[in-house]
Amino acid sequence: MAVVPSLNDIRLITPVLEDILKLDVYNYALSFLRRRFAYVFNQLNVKSVDSFIEEIRKGNLVDDFLFHFQVSDTEMFRDPSFWRTLKNKVLPRYNAENLNIWIPDLASSHELCSLVVILKEDNLIESTQIYCSSPSLKIIEEVQKGCMLTKTLEVSKQNFKRLELQTSFEDYFVSEVGITKIDSSLFKNVKFINKSFFHQGPEENADIVLFRNRMIYYNSKLQNKAEDEILKYIKKDGFLAIGIKERICNNNVDLCHAYDHNEQIYQV
Amino acid sequence: MSTSRAKYYKGIVIGGSAGSFSIVSKILAHIKPDFKYPIIVCLHRLKHIRSGLLEGLNLKSNLQVVEPFDKDSIEGGKVYLAPSNYHLFVEYDSTISLSTEEVNNHSRPSIDYTFSSAATTYREKMVGIILTGANRDGAMGMFEVHKKNGYTIVQDPVTCDVDTMPKSALQLFTPDEVLSPEGIIDFLNKL
């Protein structure tokens, strides 16, 4: 029987997560927390809220919780028109420069793999330093393996075709004994930061930040805090990409302007 | 036909899949222009095609149809269409939240999720309408609407292009109404 936490249960869980994991979930959207805790409990075979809290207090389940709590990116090259816009309108500005790109809330390999493929296409992979932050070591380790999830592979391939590149999917991904992996050399300039972006930013300020579909799980207060934190690490004239159905908070609309409204790319 | 269960409603939620575009389009083309309730529409749609459906519905609709952004407020007299590749939830503060969480019944948006969240938020003050469709997504969500005493309408399976979705709902509970598309229009215009 699946455990679906009540609002009272959530009130019990959230201070424990903050105390033990230093994870502030108070300002996640409440309905999301109910769904996500239920999902995590199901994934971890949690029998009761009390037993979950006890395990977290003991230090067990901590990274497993962080791994499952994070909503994975749905697929590679989600919204192909976004990636086309990034390739055709944003990246050409950096042809002669070293480029820093930050993914503040790495959730799976999808966004990173999409990015390195685009950079390779544009011969920018060698001159680009990529930073990826995640509080979950397990997410980082999974991403470093470069394995693609079989269930999202087909839609990722279809998205790749829609990019209308000159190359093929197989130029970047190899399949061996049922596992599809990215060419590991594409991760050469990727630095992983095992911290929440709320607690630690990248070593150098970023030219481009990819933060798509992460703030939809926050309430307005946390969204504002997240934007403030991220904008601190974006260079002047740099870019922030958010999900196509997300909006920048009112408090920050003066700090950046819509560079591409359809794809929700903002310039600082 | 009984419409007296609630004196007023906070929202109308419509879910559908295969064949439902033309039904929703017909409903919106014939709904009275001063319809006062918000209508939230969740249709199964292709993940990678962002445009077309919204424009198609707006062509004939008497009400403005929008694809909401996350955290948008829900207002009466507007139609909110779930964007492609996002789940759509109705929140307690009458806003919409979107999500890229895992697919449900192979679907994102999932009709079950939209119905269930609306049932939790609106309880008896909602009307849930399930239309033609080729899978079971939506049936459990409508069951939640029924359990929360919301008003439930299932499209008459004999009028459906594909009757899997309405029949799945009918297997779970007895709805308040089983109506043809014309009956649904008539019902809504009398609210």
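In the text below, chain A, chain B and the rest are named by the order of the sequence lines, each starting its count at 1.
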Novice: Top residue by heavy-atom pair count (under 4.5 Å) with chain A, among Glu102(B), Arg108(B), Glu67(B)?
Specialist: Glu102(B)
Novice: Which word best sums up how the rings of Trp102(A) and Phe197(A) line up, parallel for under 30°, tilted for 30 to 60°, or perpendicular for over 60°?
Specialist: perpendicular
Novice: I'd like to know if the side chain of Glu101(B) and the backbone of His87(B) have a donor-acceptor N/O pair within less than 3.5 Å.
Specialist: no
Novice: Does any heavy atom of chain B fall under 4.5 Å from the side chain of Asn219(A), the backbone, both, or neither of them?
Specialist: backbone
Novice: Counting only non-hydrogen atoms closer than 4.5 Å, does Gln70(A) touch chain B with its backbone (N, CA, C, O), its side chain (CB onward), both, or neither?
Specialist: neither
Novice: Establish, yes or no, whether the cationic atom of Lys245(A) lies under 6.0 Å from the six-membered ring centre of Phe69(B) and within 45° of the ring axis.
Specialist: yes
Novice: For the interface with chain B, which of Arg162(A), Glu246(A), Gln158(A), Met215(A) has the highest count of heavy-atom pairs at distances below 4.5 Å?
Specialist: Arg162(A)
Novice: Tell me which of these, Asp73(A), Val155(A), Asp79(A), has more heavy-atom pairs under 4.5 Å with chain B than the rest.
Specialist: Asp79(A)
Novice: Is there a donor-acceptor pair under 3.5 Å between the side chain of Asn58(B) and the backbone N or O of Val65(B)?
Specialist: yes
Novice: So for Gln223(A), is it side chain, backbone, both, or neither that comes closer than 4.5 Å to the heavy atoms of chain B?
Specialist: side chain
Novice: Keeping Lys32(B) on the side-chain end and Asn189(B) on the backbone end, is there a donor-acceptor pair under 3.5 Å?
Specialist: yes
Novice: For Arg212(A), which atoms come within 4.5 Å of any heavy atom of chain B: side chain, backbone, both, or neither?
Specialist: neither
Novice: Select one option (side chain, backbone, both, neither) describing which atoms of Leu30(A) are under 4.5 Å from chain B's heavy atoms.
Specialist: neither
Novice: Thinking salt bridges, do Lys138(A) and Glu141(A) make one under a 4.0 Å N-O criterion?
Specialist: no
Novice: Please flag which part of Ser220(A) lies under 4.5 Å from any non-hydrogen atom of chain B: side chain, backbone, both or neither.
Specialist: both
Novice: Which one, Phe89(B), Tyr92(B), Tyr113(B), leads in non-hydrogen pairs under 4.5 Å with chain A?
Specialist: Phe89(B)
Novice: Taking the six-membered ring of Phe143(B) as reference, does the cationic atom of Lys147(B) (NZ for Lys, CZ for Arg) lie under 6.0 Å from its centre and within 45° of its axis?
Specialist: yes
